[in-house]
Structures are given as C-alpha cells and as structure tokens.
Amino acid sequence: MKIKQALLSTVSAGALLSIGTVVANADTNVTVKSGDTVSTLAAANNTTIDAIVNANHLQNGGNLIFVDQSLVIPDADGASTTTSAQQTTTSAATATPAQQAAPAAAAQQAAPAQQAAVPAASGSDAAAKAWIAARESGGSYTATNGQYYGKYQLSLDKLHGDLSAANQEAVATQYATSRYGSWAGAQAAWQSQGWW
C-alpha cells in the first residue's frame, strides 16, 4: 500500500513539474512604462526589435507604443523566454509624461511610449462604450467623483495627470480591452457589479 502511495506521489510530482516547465517557457508580457521604447525593451530582454514587432503585430516598425500597453516579449528567434513579467523602468513617483513619437528621420530608433487616441470601437463595442459613458458621467469629460474623473470615471492615477479628452478615450479603451477583452465585456461587468 505504501509503495502505491509513493509511486502515485512521484507521478503527481512529475506531472506538476512538467506543467511548471510549460508555464516557465511562456512568452514574457511587459507593461510599457513612460519612456520605454521597443529598442530598450529588446535590449533589456535579450531579444531584437524585429522579434517584438512581429510578436505584437506593431505598426511603423515599432515606432508607436503606448504607456500601459501590454507587449509580448519573445527571445530573438521568436521562441519563448523566461524573463520577469514586468519591467520596472521608472517609479510611479518619478514618471514623466509620455513623450511624442520620433520624427520620420529617426525611424531606425524606436519612439518613446506615448498616449494616443485608440481607433474607434466598432459595432457593439461602440454601443457598449457609449452606454458606460452615459452611466458613469452622462458623457462629460469633466465629471468628478472623488478620485474618479472624466467621461469614463477613471482614477486620476490612470490618467497620469493628462485630463484631456483624447487621453481619457485612449486610457479608457486600453483599460476596457486589457481588463475585460472589449467594451462589450466591460459593459457586461458593469451590469453585473455596478461598476467597471
């Protein structure tokens, strides 16, 4: 009886070890911080700009990335890497506003991360986005409620000091897609819990 238990324990431990190996070989996900560039992320993770651009389907050769954007970081040949999941490039206390994209003459050097308008939502996502805005602020970009601000009632720390309508749209869309997968998913969450 003890031999069967020992054998079962050994098989179970082996299965867990093999599962752990699969997870450890997963691609790294990095959240872009202010001042990050594709080239600095590539250097920090021992990979290439092209590998990051291809893994994330980035436009303009990776010259346009956004603060709080999640990027997959593969190794130089596209295989998985085992580096840490989040890069710490600047502390929240010393973070500077996001910088503008590099001019076309500097296309070889990746542009620093920036906040920019995200393409308009389509179909049901556009309706869900409007639904959330109506309930959160009545559509007002200047609505306030304690630490929450604007059309989508985002916390002030998520807006990084930029209260402009364009930044509110970009941050809200990034938040809705990263947390809920889509604006429709965000609306479903709002309807079930009373907030998004």
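Everything numeric in this text was worked out from a predicted model, so none of it was measured.
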Self-check item: Donor-acceptor under 3.5 Å (D162 side chain, N167 main chain)
Solution: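 Such a contact is absent between D162 side chain and N167 backbone.
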Self-check item: Where at least one partner belongs to residues 144-157, residue pairs that pass salt bridge (Lys or Arg N to Asp or Glu O under 4.0 Å), sequence neighbours excluded
Solution: K151-E169
Testing the basics here: between [X] and [Y], what is the closest heavy-atom pair and its distance to 0.1 Å?
X: A42; Y: T48; answer: CB-C, 3.7 Å
X: D36; Y: L41; answer: OD2-CD2, 3.8 Å
X: H160; Y: D68; answer: NE2-OD2, 3.3 Å
X: V30; Y: I73; answer: CG2-CG1, 3.3 Å
X: V72; Y: A55; answer: O-CB, 4.1 Å

Distance (rounded to the nearest 0.5 Å) between [X] [atom1] and [Y] [atom2]:
X: Q69; Y: L64; atom1: CD; atom2: CG; answer: 8.0 Å
X: T173; Y: Q168; atom1: OG1; atom2: CD; answer: 11.5 Å
X: T142; Y: L163; atom1: OG1; atom2: CG; answer: 10.0 Å
X: L58; Y: I49; atom1: CG; atom2: CD1; answer: 11.0 Å

Quiz item: For the side chain to side chain contact (heavy atoms under 4.5 Å, CB included) test, which of T31, V32, V53 pairs with L71?
Solution: V32
Practice problem: For residues 138-158, pull every pair meeting ring pair (Phe, Tyr, Trp, His ring centres under 6.0 Å), keeping only residues two or more places apart or in separate chains. | Solution: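 Applying ring pair (Phe, Tyr, Trp, His ring centres under 6.0 Å) to every pair that reaches into residues 138-158, excluding sequence neighbours, yields Y152-W183.
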Quiz item: Looking just at side-chain N and O atoms, do S140 and S137 make a donor-acceptor pair shorter than 3.5 Å?
Solution: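 Judged by distance alone, the side chains do not pair up.
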Quiz item: Side chains of W195 and Q153: do they bring a donor and an acceptor to under 3.5 Å?
Solution: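 Absent: no donor and acceptor within the cut-off.
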Practice problem: Take K158 and Y175 through the test side chain to side chain contact (heavy atoms under 4.5 Å, CB included) and record every step on the way to the result. | Solution: CA-CA 9 Å; K158 283 190 179 18; Y175 178 77; 3.5 Å; yes
Quiz item: Would you call the rings of Y180 and W196 parallel, tilted or perpendicular, where under 30° means parallel and over 60° means perpendicular?
Solution: tilted
